[in-house]
Number of protein chains: 2
Amino acid sequence: MIRKNEEKIFEDYLARENLKHSEQRKEILDVFLNTDKHITADELYGIVRKKYPSIGYATIYRTIRLLCECGLCLELKIDDGTTRYEHLYGHRHHDHLICVKCNRFVEVVDPDIERLQEKLFKRFGFAPQRHRMELYGICKKCKK
Amino acid sequence: MIRKNEEKIFEDYLARENLKHSEQRKEILDVFLNTDKHITADELYGIVRKKYPSIGYATIYRTIRLLCECGLCLELKIDDGTTRYEHLYGHRHHDHLICVKCNRFVEVVDPDIERLQEKLFKRFGFAPQRHRMELYGICKKCKK
DNA sequence: TATAATAATGATAATAATAATCAAAATCAA
DNA sequence: TTGATTTTGATTATTATTATCATTATTATA
């Protein structure tokens, strides 16, 4: 099950860059889109390998890079040192509440905070590019 | 030039944990405190080595860990993949404006944002532990 | 459709940051 | 001062990611 829009974005990007499509790339995109958000390269590799046992690690990393370049994927460096990837298409910008016990991610957007961040950029004379905000704590389930 | 308070915090911590003091640890703390903020392990190593040419990389990493444990140092994972360390003692919590061109760090605190962050934690039933917020952009100097 | 040019793949080696190991040296409590 | 314990520096190990390269797959076009 591939979402048509995302598939088209990827294919257009490949065509634009004179790159070739392949079964592996199709499968990696499919798995990425159908899996939980905030996946690691290793987790993605583990799932893709079920269908493509011969797939190499390098292909996973190469394809993730392409997905990031064409705007379908965002790389996140988490405080614990891991690198995770999340869907970008059809997802507005958001920040994260992260449970330090169970590693659960909750996506949040607070328009008031966003507005204040813009003001901060302006106050210090910075041209805004992007921001990240992560709130680390212990979620309801893990508290009890 | 060592600041007495920090030195005491470190020594107390070592005593409490039944660890020993050493010239190397003293020197690393001294360099760390007197250097610019947001230093990498490699940069710290480079400076300390001028006074202690025989120092090993492992000692740098080991001592950084101790400094983090005793609350004098905070580890920051930056979006570009580097790990940097900043002073914690005598510095209230703050967030960062980061210039993606020249790598300049500006420390900022916005009490309104802080308050809204606390509200976000509460709204999702999280027990707050800490947060990080980084605003990436291009600073005044690099714009022109 | 066959071909030729180009790119992708998978296996493997390389790299870079950090951590673990261990014998020798330093610290410190008694 | 000594002896137990810790630290050190050198080195090796580990982990995530990237580069290399021969083989295979894709694709434009004849």
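Every chain is numbered from 1 and lettered A, B, ... according to where its sequence line falls, protein lines coming before strand lines. Every heavy atom of this structure was used, including side-chain atoms; hydrogens, water molecules and symmetry mates were not.
Following rounding to the nearest Å, A/Ile64 (CD1) and D/dA16 (C1') show an atom-to-atom distance of 12 Å. Here D/dT18 presents its P atom at 11 Å from CZ of A/Arg62, a figure rounded to the nearest Å. Note: CD1 (A/Ile60) to P (C/dG10) measures 9 Å, nearest angstrom. Following rounding to the nearest Å, B/Glu27 (CD) and C/dA26 (P) show an atom-to-atom distance of 17 Å. Nucleotide C/dC28 holds its C1' atom 14 Å from the NZ atom of B/Lys26, rounded to whole Å. In this structure, B/Tyr45 places its OH atom 11 Å from C1' of D/dA10, rounding to the nearest Å. In this structure, the CG atom of B/Leu66 is 14 Å from the C1' atom of C/dA19, given to the nearest Å. Following rounding to the nearest Å, B/Lys77 (NZ) and C/dT18 (C1') show an atom-to-atom distance of 9 Å.
For A/Lys4 and A/Glu7, the salt-bridge test passes: some basic side-chain N is under 4.0 Å from an acidic carboxylate O. At a threshold of 4.0 Å, the pair A/Asp80-B/Lys77 does not count as salt-bridged, since none of the basic side-chain nitrogens sits closer than that to a carboxylate oxygen. Residues A/Asp95 and A/Arg132 are not paired through a salt bridge, judged by the lack of any N-O separation under 4.0 Å between the basic side chain and the carboxylate. A/Glu75 has no carboxylate O lying under 4.0 Å from a charged side-chain N of A/Arg84, or vice versa, which leaves the two without a salt bridge.
Phosphate proximity of D/dT18 to A/Tyr61: absent, as no side-chain N or O sits under 4.0 Å from OP1 or OP2.
DNA chain D lies under 4.0 Å from at least one heavy atom of each of the following residues of residues 48-56 of chain B: B/Ser54, B/Ile55, B/Gly56. Taking a 4.0 Å limit (strictly below) on heavy-atom distances, residues 9-25 of chain A reaches DNA chain D at A/Lys20, A/His21.
Below 30°, between 30° and 60°, or above 60°: for A/His94 and A/His96 the angle between ring planes is above 60°, a perpendicular geometry.
Counting heavy atoms from C-beta on, the side chains of A/Asp79 and A/Val100 never come closer than 4.5 Å. Side-chain contact between A/Glu114 and A/His93 is present, with at least one heavy-atom pair separated by less than 4.5 Å.
Heavy atoms of A/Thr83 sit under 4.0 angstrom from primed sugar atoms or phosphate atoms, though from no base atom.
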Practice task
Mind running salt bridge (charged side-chain N to carboxylate O under 4.0 Å, His left out) on A/Lys119 and B/Asp110 for me, showing each step along the way?
Solution key: CA-CA 10 Å; A/Lys119 274 174 71 177; B/Asp110 186 319; over 6 Å; no
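A centroid separation of less than 6.0 Å is found between the aromatic rings of B/His87 and B/Phe32. Proximity of the aromatic rings of A/His21 and A/Phe10 is defined here by a centroid distance below 6.0 angstrom, and this criterion is met.
Note that the NE2 atom of A/His38 and the CD1 atom of A/Ile98 stand 7.5 Å from one another [nearest 0.5 Å].
Comparing the helix axis at one end of the helix from C/dT1-D/dA30 to C/dA30-D/dT1 with that at the other, each defined from 5 consecutive pairs, gives an inter-axis angle of 30° (nearest 10°).
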